[in-house]
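In what follows, chains are A, B, ... by sequence order, proteins preceding strands, each numbered from 1. All heavy atoms count here, side chains included; hydrogens, waters and symmetry mates do not.
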Amino acid sequence: MKIKMKDGSIREAGFDEELGRNAFRHTTAHILAQAVKRLYPTVKCAIGPSVADGFYYDFDFDFRFSEENFAEVEAEMKKIVKENFQLRHYTQDRGRAIQDMEEREEPYKIELLNELPEDEEISFYRQGEYLEMCAGPHVAYTSAVRAFKLLSVAGAYWRGDEKNKMLTRIYGTSFPNEELLEEYLNRLEEAKKRDHRKLGKELGLFALLEEGPGFPFFLPKGLILKNLLIDYWRKIHAREGYMEISTPVMLNRQLWETSGHWEHYMDKMYTTLIDGEDFAIKPMSCPGGMLVYKTEPRSYREFPMRISELGLIHRNEKSGTLHGLMRVRCCTQDDAHIFMRTEQIQDEIKGIVRLIDEVYSTFGFKYHVELSTRPENSIGSDEDWKMATDSLTNALEDLKLQYIINEGDGAFYGPKIDFHLEDSIGRTWQCGTIQLDFQLPQRFEAEYIGEDGNKHRPIMIHRVVFGSIERFMGILIEHFAGKFPLWLSPVQVKILPISDKFIGYAKEIQSHLQKEGLRCEIDGRSEKIGFKIRTAQLEKVPYMLIAGEKEVKAGSVSVRRRDGGDLGSMTIDSLLEALHKEGIRKQ
RNA sequence: GCUGGAAUAGCGCAGUCGGUAGCGCAACUGAUUCGUAAUCAGUAGGUCGAGGGUUCAAGUCCCUUUUCCAGCUCCA
């Protein structure tokens, strides 16, 4: 495809290249805007870029635009593609550009223009009667866009600010041909089947009930999974020299005033009264950890002192943001607070990054890293923030880790390194985070005795690996599509007797396997073997053992794998050997 | 919180113009005792998310509200 760049030059790029694909989708967004303008001339256009899997365009409609309008808009878009307009690029000075936009009554474009420097040459693309102030690039002709589809309509604040007017955003996608579009839509359908909310219900892992919005119920099988993650977590943290504590869920107002949460986090805290005194349910575990640190005088010899806590936290998240296990109002954070001297910061951060990488690799997760800097609503001095931010940056540079900077997204007490994981449809969720905190030790007047015999202030790191166990489980469920590896499966083996006559034999096998520590169920219904297999497959149990007359005589079982089918018959001992080899628990 | 959509049996869904709430699966009972993804028959299951209104009559129309879904904003 020929791509028309902002400087007027022309480059060649395929749809498989980012440049080509983005230009292609961006041009589709313009075609959408042109169609919308033709059908509803009073509409105001805001902006319309390409995004990861398609494009969107934000409009200000003076009526209620809904998905019912898609058909007529798509029909008009088809016409525009067929009319095969050339996309013509040109520039003009800002005054002239504003004049043009005033003529076309486009207030959003004028607002954007007014913020550009007065002498700026403004880039425009024109296709037929439609012109758009735009930095491009675009494909050369509208006829290139052979396959497209409008997908959804949603509200979006003008310029992403909730104080501004909410516009109507139309999402869509486009491809060079119908086959690729079909393929994409099928992939979306497939991804929806992995949705952890759907699988959580189907597999009996957890429940979200109206009685507790954002407060998940863990069902027996989901709790097995959660506890297995916790067991694994305890094991690796013991290895890394962490000491686990547990602090109260509720603490008094004075503590939260000291920590700064009462002032900076109030809108998310649940509070109550005890004997007339304000208490808050913890939205974070750090103040509790701080109090534990202060229960004894500390020495530099104990540093770095790693104190971990599986903290049950509650936050009043806005109703519209709740999302299955990914975004809840109550979750368990695998928190840890590490106290150290300044010169220990780099090594400590590197150690945590390695630990997080180890854990994510264990599950086969891909992740990306972000460095979040000082937000508006922050506490602490400029020097402290600079030192904290530099420490994180240096550690990342040292590790040669790729990261993007997320300006102003830090915690109110310090900057952070965030680890983001992807869900089944490509949305990313922050899980691990490492936060450097100079503020809390000051506010709590934490101290240690140094080599020189004097009192000093420790540096504190907050860090989580899973993030919250709930969110991590959500990612985990979608990543494996419910087909967990053997060691994580709530039911590892299901024994399927051919008929009622063999239930006794099935029970013998079950108790044998249970002694080996396997989680094992029997399907004792009076059903045919095919139906029992079907049920076990739908439950995504990794191993099915078929027990009938043949097996009783030979003292064996017939083994069937979730993904591999019939493996033939074998003795219990050789089965156990194979299962141990695969790993029935995380060692 | 905001914009738009949705809510009917445990789950997945149908329900036309406002006129006696239905299907499939699951559950339960009985029969069947079977060899690698669905055996047959029967039974039971509902304040149609909640509250109010219009109407002779509301699952259906109107208002309020709760929860969920998509996105925005926010965030582990």
Side-chain angles (χ1 to χ4, degrees), chain A residues 56 58 61 64-68 151-171 192 195 197-198 201-202 204 207-214 267-268 283-284 311 313 315-329 331-335 372 375 409 411 416 418-421 425 427 429-433 435 462-472 474-475 496-503 525-538 544-551 558-562 565-569:
Chain A
Y56 67 79
D58 287 347
F61 286 95
R64 179 170 297 176
F65 184 90
S66 74
E67 293 187 17
E68 281 157 34
L151 297 172
S152 63
V153 45
Y157 299 108
W158 166 235
R159 313 192 80 171
D161 188 333
E162 66 181 325
K163 290 183 204 83
N164 288 340
K165 183 168 183 182
M166 183 158 265
L167 307 175
T168 304
R169 175 169 298 180
I170 302 176
Y171 282 92
K192 278 188 197 149
D195 191 312
R197 293 166 298 187
K198 184 173 155 65
K201 191 180 272 185
E202 286 172 2
L208 291 158
L209 306 178
E210 200 167 324
E211 290 81 352
D267 55 326
K268 287 203 173 174
M284 297 180 190
I313 61 160
R315 296 178 182 177
N316 187 10
E317 301 292 350
K318 289 179 189 168
S319 58
T321 64
L322 302 177
H323 186 100
L325 291 183
M326 303 293 200
R327 185 66 173 277
V328 292
R329 286 187 171 138
C331 65
T332 307
Q333 270 189 335
D334 63 319
D335 221 332
S372 296
D409 206 37
K416 50 183 191 162
D418 296 328
F419 294 76
H420 293 250
L421 295 172
I425 61 167
R427 288 177 292 216
W429 299 88
Q430 186 191 314
C431 289
T433 170
Q435 310 180 352
H462 311 247
R463 48 108 281 183
V464 292
V465 178
F466 289 149
S468 81
I469 297 176
E470 286 72 9
R471 179 176 286 184
F472 199 80
I475 302 275
L496 316 177
I498 294 283
S499 77
D500 297 357
K501 284 185 275 185
F502 308 105
I503 288 182
R525 299 175 299 170
S526 316
E527 294 287 351
K528 289 187 181 176
I529 195 65
F531 188 67
K532 292 185 184 183
I533 287 173
R534 178 181 154 78
T535 306
Q537 286 286 156
L538 292 174
M544 286 152 261
L545 306 184
I546 287 119
E549 185 155 10
K550 224 168 57 187
E551 288 75 17
S558 288
V559 182
R560 186 188 157 97
R561 251 200 79 87
R562 180 177 57 195
D566 194 352
L567 300 183
S569 70

[N] OP1/OP2 closer than 4.0 Å to side-chain N/O of [X]:
X	N	answer
A:K416	B:A76	yes
A:R197	B:A70	yes
A:R169	B:U3	no
A:R159	B:C72	no
A:K501	B:C34	yes
A:H323	B:G71	no
A:R561	B:U36	no
A:Q430	B:A76	yes

A:S152 versus A:E67, closest heavy-atom pair with distance: CA-OE2, 3.8 Å
Non-hydrogen atoms of A:T433 and A:F419 that approach each other most closely: N-CD1, 4.3 Å
Can you identify which nucleotide, out of [options], has its nearest atom closest to the [X] side chain?
X	options	result
A:I498	B:U39, B:G35, B:A37	B:G35
A:E210	B:C75, B:G71, B:U67	B:U67
A:K201	B:C2, B:G12, B:A37	B:G12
A:T321	B:C72, B:U39, B:G35	B:C72
A:Q537	B:A76, B:A37, B:C2	B:A37
A:E162	B:U73, B:U36, B:C72	B:U73

Syn/anti state of B:C17 by chi, 90° boundary around 0: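 For B:C17, whose glycosidic angle is within 90° of 0, the conformation is syn.
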Sugar-phosphate only, base, or nothing, as touched by A:E470 at under 4.0 Å among non-hydrogen atoms: nothing
Strand RNA chain B in bracket notation, Watson-Crick/G-U under 3.5 Å with | for pairs to another chain: (((((((..((((.....[..)))).(((((.......))))).....(((((..]....))))))))))))....
Any A:L322 side-chain heavy atom under 4.5 Å of A:E317 side chain: yes
Minimum side-chain heavy-atom gap A:R315-A:V328 below 4.5 Å: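 No. Closest side-chain heavy atoms not under 4.5 Å.
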